Amino acid sequence: MDIRVFDDKNALGKAAADHAASAIRRAILDRGHARIVAATAASQKEFLEALTSASGIDWLKVEAFHLDEYIGLPISHPGSFRKMLLEQLIQKTGIAKYHLLDGDGDAVAAVAGASAALASAPVDIGFLGIGENGHLAFNDPPADFETEQPYLIVDLDEACRRQQVGEAWFADISQVPRRAISMSVRQIMKIKEVIAVVPGPRKAEAVAACFNGEISPLAPASILRNHPHATVYLDRASAALLGPAWRDSLAKQSS
């Protein structure tokens, strides 16, 4: 795993988008198409704006998968990740082949259908975030590092639900769904290349927990340290609590 630190979220988003665009172009060149997984959240805004503006990508050759979605939340709600994925990525690019997680319908059927589609071929690149509690997708701590299911139904912990209130998607925690559909940790680790976009001071403690300590289900995103091709994009605020080993490594990169 590689960590890259930038001055602010705009510089971070642009750099991560350049990396992602190159990976998509390479997959299309090599195989004629690209399969991607995309996160949608407030932290991904600058990244997705830059990615959807990138030149030289034939988006009709891109197949997109959804990372996670609440159960019981209509697509019309501002906090719906389906709504964000459509507005921030699919409609802007014209991606024609995409798989939304319908958490407002039969969640078990949605999991089965999305799992079959996702598992039908390798995924080239995934764009992820890291939650304030260290989660990957909606795999809150302690995350299940063992299940082989591509997607699963999970319970959301209080820290995760409070983050959604803090990002102003919900007026109070009572409005935040308690369950969600999430891509599993093992499925994320099967993605050929992972780009994690993690800006802002509210993510600093999670970044420290995941990358300073041990790899543990209690810090779900710590598992990215075992991925052969993962790059974590931070800004100075989210990187503020990184330990000496990482600071030394970053200093050598910039020298």
Side-chain angles (χ1 to χ4, degrees), residues 1-2 4 6 9-69 75 80-103 110-111 113-130 136-137 150-151 181-184 186-199 224 227-233:
M1 189 193 77
D2 185 24
R4 301 178 187 176
F6 295 83
K9 62 182 180 180
N10 292 312
L12 179 166
K14 178 63 167 60
D18 288 346
H19 181 167
S22 293
I24 294 171
R25 293 188 203 101
R26 184 170 61 249
I28 293 172
L29 182 64
D30 291 346
R31 289 176 292 283
H33 66 275
R35 302 180 99 221
I36 69 172
V37 170
T40 45
S43 63
Q44 307 300 302
K45 179 176 178 289
E46 290 77 17
F47 164 69
L48 288 173
E49 285 180 350
L51 178 61
T52 55
S53 300
S55 62
I57 298 175
D58 186 347
W59 289 102
L60 291 177
K61 295 181 179 178
V62 174
E63 180 179 6
F65 288 88
H66 204 172
L67 189 68
D68 48 21
E69 179 59 290
I75 195 170
S80 165
F81 291 148
R82 284 171 292 163
K83 177 181 173 67
M84 294 183 213
L85 189 67
L86 284 168
E87 294 177 350
Q88 297 176 12
L89 178 63
I90 291 168
Q91 292 171 354
K92 285 186 174 182
T93 59
I95 292 174
K97 190 173 184 179
Y98 56 88
H99 307 267
L100 299 181
L101 296 170
D102 183 8
V111 165
S115 293
L118 186 68
S120 66
V123 177
D124 296 295
I125 185 164
F127 314 132
L128 315 176
I130 295 175
L136 273 183
Y151 286 99
I181 299 170
S182 178
M183 187 173 291
S184 69
R186 283 214 169 183
Q187 183 62 48
I188 290 169
M189 293 296 285
K190 292 176 182 178
I191 298 172
K192 293 178 182 178
E193 183 171 7
V194 169
I195 294 175
V197 176
V198 195
L224 291 177
H227 195 287
H229 301 290
T231 306
V232 179
Y233 283 83

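Along the sequence shown, residues carry numbers from 1. Worth saying up front: this structure is predicted, and the values here are computed from it rather than measured.
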Pairing donors with acceptors under 3.5 angstrom, does anything connect the side chains of Arg25 and Ser55?
no

According to side-chain hydrogen bond (donor to acceptor under 3.5 Å, both in side chains), who are the partners of Thr52, at least two apart in sequence or on a separate chain?
none

For Arg35 versus Ala117, what's the shortest heavy-atom pair and its separation?
NH2-O, 2.8 Å

Rounded at 0.5 Å granularity, tell me how far CD1 in Ile57 sits from CD1 in Ile28.
7.0 Å

Charged N to carboxylate O under 4.0 angstrom, Lys192 versus Asp124?
yes

Locate the shortest heavy-atom distance separating Leu48 from Gln88; write the atom from each residue and the value.
CD1-OE1, 3.3 Å

Between CE on residue Met189 and CG on residue Leu136, distance to nearest 0.5 Å
9.0 Å

Evaluation steps, side chain to side chain contact (heavy atoms under 4.5 Å, CB included), between Leu89 and Thr40
CA-CA 9 Å; Leu89 178 63; Thr40 45; 5.9 Å; no

When rounded to the nearest 0.5 Å, the distance separating CD1 of Ile191 from CD1 of Ile125 is 9.0 Å

Side-chain contact, heavy-atom cut-off 4.5 Å: Ile195 with Leu128?
no

Ring pair (Phe, Tyr, Trp, His ring centres under 6.0 Å) partners of residues 13-47, not counting sequence neighbours, each pair once:
His19-Tyr233, Phe47-Phe127

Distance check, rounded to the nearest 0.5 Å: Glu63 atom CD versus Lys97 atom NZ?
4.0 Å

Residues His227 and Val194: closest non-hydrogen pair is NE2-CG2, 3.6 Å

Do Asp102 and Arg82 touch side chain to side chain, with heavy atoms closer than 4.5 Å?
yes

Parallel, tilted or perpendicular: which one describes the rings of Phe65 and His99, with boundaries at 30° and 60°?
parallel

Does anything in residues 50-60 form a salt bridge (charged side-chain N to carboxylate O under 4.0 Å, His left out)? List the pairs, not counting sequence neighbours.
Asp58-Lys61

Nearest heavy-atom contact between Ile24 and Trp59 is CD1-CH2, 4.0 Å

I'd like to know if Lys83 pairs up with Glu69 as an ion pair, taking the criterion as any Lys NZ or Arg NE/NH1/NH2 lying under 4.0 Å from an Asp or Glu carboxylate oxygen.
no

Charged N-O contact under 4.0 Å between Lys14 and Asp18
yes

Pair Val232, Val198 - check side chain to side chain contact (heavy atoms under 4.5 Å, CB included), show working.
CA-CA 7 Å; Val232 179; Val198 195; 4.2 Å; yes

Could you pull out the closest heavy-atom pair between Val197 and Gln44, with the gap in Å?
O-NE2, 3.1 Å

Run Val37 and Ile188 through side chain to side chain contact (heavy atoms under 4.5 Å, CB included) and show every step you take.
CA-CA 9 Å; Val37 170; Ile188 290 169; over 6 Å; no

Which pair of heavy atoms, one from Ile181 and one from Gly103, lies closest together, and at what distance?
CD1-CA, 4.1 Å

For Lys45 and Met84: C-alpha separation, side-chain torsions, deciding distance, then whether side chain to side chain contact (heavy atoms under 4.5 Å, CB included) applies.
CA-CA 10 Å; Lys45 179 176 178 289; Met84 294 183 213; over 6 Å; no

Heavy-atom neighbours of Lys92 NZ exceed 12 at 6.0 Å:
yes

From NZ (Lys190) to OG (Ser184), nearest 0.5 Å
7.0 Å

Distance check, rounded to the nearest 0.5 Å: Tyr151 atom OH versus Asp68 atom CG?
9.0 Å

Is there side-chain contact between Leu100 and Ile90, with at least one heavy-atom pair below 4.5 Å?
yes

